[in-house]
Q: 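Quick one: the structure is below, questions incoming.
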Number of protein chains: 2
Amino acid sequence: MNQIQLWQRYQQHFCSIPSLGISVDISRMNFSDSLFNEMEPQIQSAYAEMKELEKGAIANPDEKRMVGHYWLRNAELAPNDDLRKAINHTIGRIKEFAQHVHSGKLKPETQPLFKNLLIIGIGGSALGPQFVNQALGHPGQDKMRAYFFDNTDPDGMDVVVKQIEQTGGLATTLTIVISKSGGTKETRNGQLEAKEAYKKANLHFEHHAVAVTGEGSELSLLANRDKWNTQFPMWDWVGGRTSELSAVGLLPAALQGIDISAMLKGAKLMDDATRVTDTKKNPAALLALMWHYATGGKGAKDMVVLPYKDRLLLFSRYLQQLVMESLGKEKDLKGNSVFQGISVYGNKGSTDQHAYVQQLREGVLNFFITFIEVLKDREAASMMVEPDTTSGDYLQGFLLGTRQALYETNRESITITIPEVSPQMVGALIALYERAVGFYASLVGINAYHQPGVEAGKKAATSVLKLQLKTTETLKAGRGKAFTADQLANTMGEMDSAETIYHILQHLAANKRHVKMEGTTPGSTTFQWM
Amino acid sequence: MNQIQLWQRYQQHFCSIPSLGISVDISRMNFSDSLFNEMEPQIQSAYAEMKELEKGAIANPDEKRMVGHYWLRNAELAPNDDLRKAINHTIGRIKEFAQHVHSGKLKPETQPLFKNLLIIGIGGSALGPQFVNQALGHPGQDKMRAYFFDNTDPDGMDVVVKQIEQTGGLATTLTIVISKSGGTKETRNGQLEAKEAYKKANLHFEHHAVAVTGEGSELSLLANRDKWNTQFPMWDWVGGRTSELSAVGLLPAALQGIDISAMLKGAKLMDDATRVTDTKKNPAALLALMWHYATGGKGAKDMVVLPYKDRLLLFSRYLQQLVMESLGKEKDLKGNSVFQGISVYGNKGSTDQHAYVQQLREGVLNFFITFIEVLKDREAASMMVEPDTTSGDYLQGFLLGTRQALYETNRESITITIPEVSPQMVGALIALYERAVGFYASLVGINAYHQPGVEAGKKAATSVLKLQLKTTETLKAGRGKAFTADQLANTMGEMDSAETIYHILQHLAANKRHVKMEGTTPGSTTFQWM
């Protein structure tokens with residue numbers, strides 16, 4: 001297609017949301033004109049399913065849960081008064097709590113004001129807050145500075161505590177522990193490590209702690225028992241990966257000083273715009289259709305997400321979770337094995353042009369791209385780096401130039417244009433992709449709202465930890481004697497587990513946990529209790 | 001394969017480097033026993049090609065360059081005395097310069113000591129320093145704190161300057177501008193923006209600036225003319241993506257206070273270990289063979305890199321560049337179109353388990369995984385989060401558990417085990433992958449050391465910027481009149497460029513650059529000079 005034809009195609013398929021100033025351009029996806037007609041019955045079913053879901057149907061059948069993240073930004077839609085009240089009441093409480101923290105009405109144990117936030121969570125309880133923190137933070141102006149424990153890495157947590165010490169220390173730090181069930185071990189460990197760090201700083205954790213968790217969860221009981229400052233709810237009708245606009249995301253954002261009403265409004269406006277059933281005017285439907293076209297409805301291509309804006313660096317990682325955890329499913333709704341999903345990666349442009357665009361342009365054609373263009377460059381006026389040319393002109397030039405160069409070698413792309421990176425836009429982008437994922441799941445007939453595959457790894461991890469205890473007991477009982485992994489496995493009646501035992505003992509030895517290790521090969525290496 | 005068979009396979013294929021304590025485990029890749037024999041002739045050719053390259057052959061034929069990153073950590077190997085001297089002399093100069101900065105012998109204009117580093121670079125001139133900074137940094141103990149301009153995003157640079165203001169400001173900041181040619185526009189823009197920021201802070205950029213660049217480059221001439229503090233060389237025989245152990249990476253690391261001799265030693269030891277031609281004992285060859293097996297030598301599967309360690313979060317992004325820019329090529333060495341490459345993504349475990357391991361376990365089977373296990377948990381002893389169980393035990397448990405759960409659904413993985421994240425290990429990991437990439441390129445017959453596909457995007461960007469100047473001139477000349485993009489394209493004789501003109505003018509209007517915009521559709525929107 002030549003440039004003039006492309007410009008016509010651009011206008012023909014142009015989809016914009018005037019209330020937000022966002023547009024979605026699918027002209028550089030080479031679908032045929034018949035696509036919309038062919039897919040119309042399926043996409044109409046997707047709208048119908050989404051409508052049921054928004055009304056409170058059990059849209060997550062195997063977990064028997066409603067899926068209500070759309071109600072979070074428009075409580076009127078919630079299926080009953082109790083939910084409506086709970087949503088609005090929680091938003092009010094978050095704003096009030098943030099105000100109390102900012103004003104010093106709620107203060108830390110020994111200092112007049114909380115200055116830092118330590119957010120402890122993982123997956124859906126960290127990625128949204130991390131994305132929003134980076135997208136909307138203003139160093140030096142924010143009300144609070146955010147830090148994260150998002151793993152169970154001991155050294156990783158030590159590094160964060162050291163960072164916090166550079167900016168006022170734990171004495172000025174409010175810790176938010178986020179876990180729906182309270183049973184997520186990484187988060188539980190993070191909470192225990194944080195508590196220990198406060199203790200070492202001669203502070204009481206409970207004076208610095210807030211929980212965001214499900215009613216009656218382990219974490220909720222703990223927070224009650226230990227008299228933490230307060231807690232905010234996580235509802236069973238909000239999944240982790242769509243929880244950014246619940247207390248999970250709103251509480252950290254409000255504390256940081258971000259306008260959460262604007263985030264909610266952006267999401268609401270996008271929801272309104274993506275509820276229309278005229279497909280060509282529905283940007284979420286267009287995205288879902290393009291994903292379906294590009295990947296053959298089977299994940300045959302990866303989705304590369306390239307926002308040309310530093311603030312959106314983590315958006316691709318946020319989408320990696322939203323898309324892959326929602327769509328990466330073995331079974332369809334009928335129980336057939338379909339092995340669905342779309343792989344997502346990307347960081348930011350133009351930086352990634354100097355990393356892997358070489359492969360995108362020339363190499364294996366296993367992807368399509370989503371460019372995100374941001375029109376506003378910066379707060380102040382720009383200096384000129386060349387006559388009448390700014391750094392921001394270069395940023396746009398690289399986006400348009402790279403897109404064109406890729407198009408010339410048949411690399412397809414979607415372009416989303418947004419006016420600026422603001423709270424409203426961030427809310428809108430989140431809502432856009434939440435709905436696109438929902439539509440796509442309907443098109444391929446899967447449940448987007450569960451994650452059955454995650455359990456197996458957790459269970460296997462638990463059995464590794466049990467095996468560790470058994471191994472150390474056995475080694476201790478054989479004190480004075482050196483064992484190979486095979487010998488231990490034999491003694492323990494765990495012949496299946498020799499390799500795991502070998503790994504466990506290597507780790508214990510490396511951390512001076514009473515285990516002495518000698519040898520060079522896995523089979524001959526011996527371990528002894530010290 | 002059952003667990004006992006797996007343990008036997010683990011021992012059979014176990015490959016370790018005793019001098020480093022690193023091991024590579026390929027037992028969970030389901031290659032057949034005949035693979036090694038089948039591939040032996042090809043891998044022996046790869047060793048021979050690598051040997052020629054290390055001796056100084058023109059291994060990058062179309063650019064007529066030697067490929068000498070292996071000499072950086074063992075100057076004895078360099079093909080002549082001048083190179084040997086240059087390498088050793090530069091390492092000595094870096095150490096001396098860092099010492100002068102740390103001691104205050106070289107000081108900023110108005111302050112007694114440099115405290116911050118601002119590193120301006122992109123791609124190979126940023127990813128390595130960013131990875132090393134995060135992997136080896138110790139907040140509060142490091143000699144200097146590192147910040148980066150790694151893009152041409154105006155707001156992104158503003159944010160970094162604000163962050164620097166929180167830690168002593170530009171008055172205590174040493175800026176390192178890194179660009180081999182000096183012609184990389186993102187870096188040039190970053191340098192100009194930094195200079196402007198110093199000026200606004202009433203400081204002289206040249207007193208705070210150092211260049212790392214090629215001899216006689218634009219940047220070198222500028223640094224000479226403006227009397228920057230000093231400059232360090234980039235050699236034409238070191239490619240950007242393999243430059244971490246040249247001045248590009250060593251200078252920032254040394255200034256931060258990282259032991260660069262240990263980094264170099266780790267790389268040298270790994271080079272020694274990966275030069276052996278007994279394939280089963282060569283970990284880089286094993287990686288290359290596994291990539292070839294997993295992807296069919298055609299990039300048919302993505303490489304997911306999952307280090308279970310926060311400090312290694314950026315390693316996957318570093319590898320994304322190293323692997324994709326090296327291997328993502330249209331042409332093989334014979335000139336055939338082969339569209340090679342391997343897509344790489346990943347962040348860290350166990351965090352990613354809560355993001356997309358759902359899809360890896362259940363969904364589309366388009367990947368293989370590389371787990372990186374780190375044995376040492378943290379500096380101090382760990383608290384117990386449960387009886388005899390630490391956060392680090394959980395981290396290992398999640399790795400082993402997830403690996404097993406994935407294996408059970410036929411998801412293959414490689415595991416690299418390292419004792420700790422130290423300067424020596426970081427050097428070794430870099431060297432391991434540099435050589436694996438080189439071997440793989442030999443196996444599939446491509447040039448790993450050029451990036452011809454990157455130019456097209458840059459050229460297209462340049463023409464966008466030219467078009468912008470022409471567009472504003474035309475609009476200005478028609479002052480008082482409103483034009484559509486089509487009308488402007490017509491007037492300018494650039495009918496091919498209406499869409500690009502539309503994008504350019506939207507961007508100018510959003511940034512108050514004399515352009516007034518009115519309308520709702522691309523075809524009817526008008527633009528007028530103000």
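Naming convention: chains lettered A, B, ... in sequence-line order (proteins, then strands); numbering from 1 in each chain.
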Q: A side-chain contact here means heavy atoms from C-beta on lying under 4.5 Å apart; do B:Asp158 and A:Glu379 qualify?
A: no

Q: Measure from the side-chain N and O atoms of B:Gln321 to the backbone N and O of A:Ala355, and report whether any donor-acceptor pair falls under 3.5 Å.
A: no

Q: Tell me, for B:Pro18 versus chain A, whether the close heavy atoms (under 4.5 Å) come from the side chain, the backbone, both or neither.
A: neither

Q: If you round to the nearest 0.5 Å, how far is CG of B:Asp388 from CZ of A:Arg513?
A: 7.5 Å

Q: Given the options A:Ala460, A:Gly140, A:Ser350, which has more heavy-atom pairs under 4.5 Å with chain B than any of the others?
A: A:Ser350

Q: Would you tell me whether B:Thr417 and A:Gln506 have side-chain atoms, one donor and one acceptor, within less than 3.5 Å of each other?
A: no

Q: Are the side chain of A:Thr152 and the backbone of B:Ser391 linked by a donor-acceptor contact shorter than 3.5 Å?
A: yes

Q: Of the backbone (N, CA, C, O) and the side chain (C-beta and beyond), which part of B:Leu313 lies under 4.5 Å from a heavy atom of chain A, both, or neither?
A: side chain

Q: Does A:Ser326 offer a backbone N or O that forms a donor-acceptor pair with the side chain of B:Gln358 under 3.5 Å?
A: no

Q: First locate atom OG1 of A:Thr389, then atom CG of B:Leu469, and finally report the distance between them rounded to the nearest 0.5 Å.
A: 4.5 Å

Q: How long is the span from the CG atom in A:Leu375 to the NE2 atom in B:His503, to the nearest 0.5 Å?
A: 9.0 Å

Q: Counting only heavy atoms closer than 4.5 Å, note whether A:Phe14 contacts chain B via side chain, backbone, both or neither.
A: side chain

Q: With side chains defined as the heavy atoms from C-beta onward, is the minimum distance between A:Tyr356 and B:Val344 less than 4.5 Å?
A: no

Q: Without hydrogens or angle criteria, can the side chains of A:Asn366 and B:Ser343 be said to hold a donor-acceptor pair below 3.5 Å?
A: yes

Q: Without swapping roles, check the side chain of B:Glu362 against the backbone of A:Glu330 for a donor-acceptor pair under 3.5 Å.
A: yes

Q: Does A:Gln141 have any side-chain contact (heavy atoms from CB on, under 4.5 Å) partners at least two apart in sequence or in another chain, and if so, which?
A: A:His138, B:Lys162

Q: Would you say A:Arg378 and B:Glu193 make side-chain contact, with heavy atoms under 4.5 Å?
A: yes

Q: Go through the steps to decide whether A:Glu386 and B:Arg188 satisfy the test salt bridge (Lys or Arg N to Asp or Glu O under 4.0 Å), and finish with yes or no.
A: CA-CA 11 Å; A:Glu386 286 169 22; B:Arg188 194 275 321 258; 2.7 Å; yes

Q: Which atoms of A:Ser23 come close to chain B, meaning under 4.5 Å heavy atom to heavy atom: side chain ones, backbone ones, both, or neither?
A: neither

Q: Only counting residues at least two apart or in another chain, list the ones meeting side-chain contact (heavy atoms from CB on, under 4.5 Å) with A:Gln163.
A: A:Tyr147, A:Val159, A:Val160, B:Pro139

Q: Under 3.5 Å, side chain of B:Glu499 to main-chain N/O of A:Gln3, donor-acceptor pair present?
A: no

Q: Donor-acceptor pair, B:Asp377 side chain versus A:Pro154 backbone, under 3.5 Å?
A: no

Q: Below 4.5 Å from any heavy atom of chain A, which atoms of B:Leu365 appear? Answer side chain, backbone, both or neither.
A: neither

